[in-house]
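As C-alpha cells, the structure follows; a few thoughts come after it.
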Amino acid sequence: MRSGGAGRNASSGTRRGHRLRVAVVGLGYWGPNLVRNLLELEGVDVACVCDPAAGAREKLRRRYPGIPARTRVSSVFTDKNVDAVIIATPVGTHHALAAAALSAGKHVFVEKPLAASSADCIELIDLAAERDLILMAGHTFLYSPPVNMIRDLILSGEVGEVYFISMNRVNLGIHQPDVSVVWDLAPHDFSILLYWLQESPSHVTAISRACVMPDKPDVAFINLEFASGVITQVQLSWLAPSKLRRTTVVGSRQMIVYDDTSLEPVRIFDAGVSSSDPTTFGEYQLSYRTGTISSPRVDIAEPLLLEMDDFCSSIRSHSVPRASAALGLEVVQVIEAVDRSLALGGERVAVGSLDAMSIA
C-alpha cells in the first residue's frame, strides 16, 4: 500500500507552464473561503463550483459572477478541463466523493477529517497511489505560523524533553447534526499533536456527554499517551461561555502557551524545575526556575492560503503535501480509538496498530 501524492500525472493541466484548474464541491461554511484563497494563487483558476443548494450557489455567484456553478457533482468529475477537486462537504460524504474524483483522474483535497473511518481512508490512499494522484487532507492548522514556530522550538530541542501538553478547544456552538464534537473539533488538535511530536499516541481514554442532542456528544475530555512518555489532555466542547483555543506545552527547558485567539499567540516561559541528589536520607532538593517571558514575532499569513498553495504546488511537483493523506489516516485512527473508549465507558484502549507514516 502506498500513499497518494508522489507519482506522475500526464494531465496537461498539471504540466509546467499550464494553469491548474480546480473545482470546489460544497459551498457551505468553508467552501467559499476555499474559493477566495484559490483565486489568490498564481497559475490557478477556479474551474467551477458545485452545490445542490440553489441559495448557496446564488450567494457565491453574486460574489464571483465569473465562476460557473453546477448542481450535479458528476458533471465536475467528468469535466476534462478540471485537474483537481476540493471537497468541502459533510464527513459522511467524503469517501464516496473523493473515490469518484480519484477514479475520474482528479487530484483531490478533502476537508478534515479525510473520511469517516480508517478503512475508507486506506481505500482512498490506495486509489490515489494506483492513479498517481495527489490526495491531501484538510488539516489547516499545520499551515498556521504559530503552530510551525512551536514545532520548530520542539524539534530543535529548545523546549527540552516534552513532559505534557494540555489543549482546550471550546466555544458556544456550533452543534453539528451529523457528527459528535470529537469528529468535529478533535481533528484540529490531533493533527497538531502528530505534527509536533512526530508520533501517534499509543493509547487513549475518553469520557463525553450529550447535553443537548441525544447520542451526539457535545463535550469530551480526552487523554492521550505516547510511547515517548508524553501525555496529553484535550478538552472539547460546543457548550462554553466563551471561545477558547489554548494549548500549553510543558518541557524540561521551556514552557509555551499557544493562544489562537490572542494578539500574542505564542508566549515562551523560561521556567522549570530541576532536582539534585539528596544530601541526607529522604531529602530531595528541588530548584525552581522562573525566568523571562517572551512573545516572539509571528509571521502574519492566512493558513488556508498556505494550505491551498501547498496542495497546488504538490500537484505540480508530484510531491507529498505537508497535510498528507497518511497523516489524515493517523488522525482518523486516533478518533476511532476515542470512540472505542467512549463506547467502553472510558476504558483505556490502544490506537490502531497501522503506522500511517510508514506507508510509502
Side-chain angles (χ1 to χ4, degrees), residues 1-15 18-28 30-32 34-35 37-38 41 44-53 56-57 60 67-117 119-139 307-308 310-316 318-321 323-329 332:
M1 180 167 55
R2 299 175 296 156
S3 62
R8 294 193 300 270
N9 186 277
S11 169
S12 61
T14 62
R15 292 201 300 266
H18 289 258
R19 297 185 68 83
L20 189 66
R21 293 178 57 79
V22 183
V24 176
V25 176
L27 299 176
W30 207 234
L34 292 161
V35 172
N37 280 278
L38 284 168
L41 299 178
V44 177
D45 293 325
V46 178
C48 63
V49 296
C50 181
D51 196 294
R57 296 195 308 274
L60 193 95
I67 300 177
R70 301 178 181 177
T71 59
R72 293 185 300 108
V73 71
S74 59
S75 68
V76 176
F77 299 156
T78 57
D79 190 337
K80 294 182 179 179
N81 291 319
V82 172
D83 303 304
V85 175
I86 291 179
I87 297 171
T89 59
V91 178
T93 67
H94 286 185
H95 174 261
L97 291 175
L102 290 167
S103 296
K106 314 300 183 186
H107 304 283
V108 175
F109 171 98
V110 185
E111 269 305 334
K112 62 84 183 171
L114 183 58
S117 72
D120 285 347
C121 290
I122 292 170
E123 285 187 18
L124 295 177
I125 289 172
D126 284 344
L127 184 57
E130 291 167 4
R131 303 273 175 155
D132 283 338
L133 296 166
I134 298 296
L135 174 63
M136 179 172 168
H139 292 296
E307 183 180 45
M308 289 295 93
D310 189 29
F311 176 55
C312 295
S313 297
S314 295
I315 293 172
R316 292 193 177 98
H318 309 298
S319 59
V320 178
S324 66
L327 185 140
L329 168 59
V332 172

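Only one option out of V22, V44, L34 pairs with M308 in a side-chain contact (heavy atoms from CB on, under 4.5 Å); it is L34.
Nearest heavy-atom pair across I134 and S314 is CD1-O, 3.7 Å. Scanning both residues, L124 and A115, for their nearest heavy atoms gives CD1-CB, 4.4 Å. In plain terms, the two heavy atoms of L127 and A99 that are nearest each other are CD2-O, 3.5 Å. For C50 against L27, the heavy-atom pair with the smallest separation is O-CG, 4.2 Å. For F311 against V85, the heavy-atom pair with the smallest separation is CZ-O, 4.5 Å. When all heavy atoms are compared, the tightest approach of A84 to K106 is CA-CB, 4.5 Å.
T71 pairs by the side chain to side chain donor-acceptor pair (under 3.5 Å) definition with nothing, not counting sequence neighbours. In this structure A137 satisfies the side chain to side chain contact (heavy atoms under 4.5 Å, CB included) test together with L114, H139, sequence neighbours excluded. In this structure K112 satisfies the salt bridge (Lys or Arg N to Asp or Glu O under 4.0 Å) test together with D184, sequence neighbours excluded. Every side chain to side chain contact (heavy atoms under 4.5 Å, CB included) that S117 has, sequence neighbours left out, goes to A119, D120, E336. Every residue two or more places apart in sequence or in another chain that forms a side chain to side chain donor-acceptor pair (under 3.5 Å) with R70 is listed here: D79. Legend: residues meeting side chain to side chain donor-acceptor pair (under 3.5 Å) with D51, ordered by chain and number and at least two apart, are absent.
We find the CG-SG distance between N37 and C312 to be 10.5 Å, quoted to the nearest 0.5 Å. In this structure, the separation between NE2 on H18 and CG on L20 is 11.5 Å, given to the nearest 0.5 Å. Remark: S324 OG to L135 CG distance equals 9.0 Å, nearest 0.5 Å. Taking CD of E111 as the start and NE2 of H94 as the end, the distance is 7.5 Å to the nearest 0.5 Å. The CZ atom of R72 sits 7.5 Å away from atom OG1 of T78, with the distance rounded to the nearest 0.5 Å. Going from atom CG of D83 over to atom CD1 of I315 covers 7.5 Å, rounded to the nearest 0.5 Å.
Put simply, the side chain of D45 never gets that close to the backbone of R21: no donor and acceptor are under 3.5 Å apart. Using a distance-only test at 3.5 Å, with no hydrogens or angles considered, no donor-acceptor pair links the side chain of H95 to the main chain of C121.
Within the 4.5 Å cutoff, side-chain heavy atoms of I87 are placed close to those of V108. Residues V49 and V35 form a side-chain contact, since some pair of their non-hydrogen atoms from C-beta on lies under 4.5 Å apart.
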Take V24 and I67, measure what side-chain contact (heavy atoms from CB on, under 4.5 Å) needs, and give me the verdict at the end.
CA-CA 11 Å; V24 176; I67 300 177; over 6 Å; no
